[in-house]
Amino acid sequence: MARTMRAVEITKPGTPFKLVEKPIPDAGRGQVRIAVEACGVCHSDAFVKEGQFPGVVYPRVPGHEVVGRVDAIGEGVTTWKPGQRVGVGWHGGHCGVCEACRSGDFILCENGLICGFSYDGGYAEYMVAPQEALAAVPDSLDSVAAAPLLCAGVTIALELGAHEYIDTDKGDAAAALQRLGGARVILATAPSAQLTGKLVDGLARNGTLVILGATPEPIQVSPLQLIGKRRRIQGWPSGTAKDSEETLAFSALSGVASRNEVFPLEKAEDAYQRMMSNKARFRVVIQLRS
Ligand SMILES: [Zn+2]
Ligand SMILES: [Zn+2]
């Protein structure tokens with residue numbers, strides 16, 4: 001086997017992606033090496049590219065929506081076998097011994113790792129991840145279709161099963177939601193603090209705005225928007241490997257799949273710009289092996 005691989009990395013914050021040849025990493029104790037088949041291009045990759053996330057060491061290979069096959073296992077790995085198809089999402093590992101982990105709340109681990117941030121991710125032919133970060137991928141799911149489910153989940157477009165579609169660019173979305181009776185829950189997936197703040201007015205009595213779209217900008221909401229209808233705003237981190245596994249199983253069972261535009265590894269910069277342009281329908285995925 002070739003001892004080197006192709007990977008796309010960010011050499012330093014604010015620079016374009018760079019295609020490099022680097023050594024294939026070894027799986028250490030408790031780790032699994034994955035031969036990557038597909039990796040979703042996520043808006044959160046911008047944190048790594050633009051240097052907006054604390055603690056990232058460069059150069060760094062991004063990518064936290066990874067699907068591939070187990071290629072090698074390190075010492076002490078008992079759950080996974082070479083050849084098995086697996087995925088890694090945002091949650092890239094946990095310590096198992098901190099206060100959050102001892103409460104079973106692994107996603108909030110105080111020493112938690114993020115795939116493609118804390119260690120090299122899926123914009124590469126091979127990557128290594130801790131065993132607890134892996135989710136099993138059902139045989140019936142295509143790797144390209146499965147990749148975005150590891151972080152982004154699915155969109156809500158009409159033809160994908162939604163009953164109503166409200167375009168936030170065309171008029172007042174909060175007023176439109178109120179005409180429908182107000183929303184019990186709004187899942188804010190778009191990384192726009194400005195939009196998120198306005199949507200609070202679309203909540204019904206006791207409604208909750210759940211924020212998934214990560215952005216460093218502050219959200220402006222007045223106490224008056226919240227108090228009168230006892231509304232609340234809650235953040236929600238991405239899921240653990242077990243949550244990813246359930247999402248993938250649901251996708252296989254229900255036929256709800258992601259829709260993607262596919263790019264090769266050497267076009268990672270184009271893939272990223274396409275995702276940032278908001279024109280992609282709906283997700284951008286880098287395919288490494290078919
Ligand atoms: Zn993501
Ligand atoms: Zn922990």
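All ligand and atom numbering here is 1-based and tracks the order in the structure. Model, not experiment: these values are computed from the prediction.
- In the hydrophobic cluster analysis, where Ile, Leu, Val, Met, Phe, Trp and Tyr join through side-chain heavy atoms closer than 4.5 angstrom, Leu288 is grouped together with Met275.
- Under 3.5 Å, the side chains of Asp201 and Gln178 contain no donor-acceptor pair of N or O atoms.
- Looking only at atom types and distance, the side chain of Thr208 has no donor-acceptor partner in the side chain of Gln234 under 3.5 Å away.
- Remark: side-chain polar atoms of Arg33 are paired, donor with acceptor, to backbone N or O of Pro25 under 3.5 angstrom.
- Cys98 contributes SG and Cys101 contributes SG; the angle these two atoms make at the Zn ion (ligand 2) is 110°, rounded to 10°.
- With the Zn ion (ligand 2) as the vertex, SG (Cys95) and SG (Cys109) define an angle of 100°, rounded to 10°.
- Between the Zn ion (ligand 1) and His64 there is an N/O/S contact shorter than 2.8 Å.
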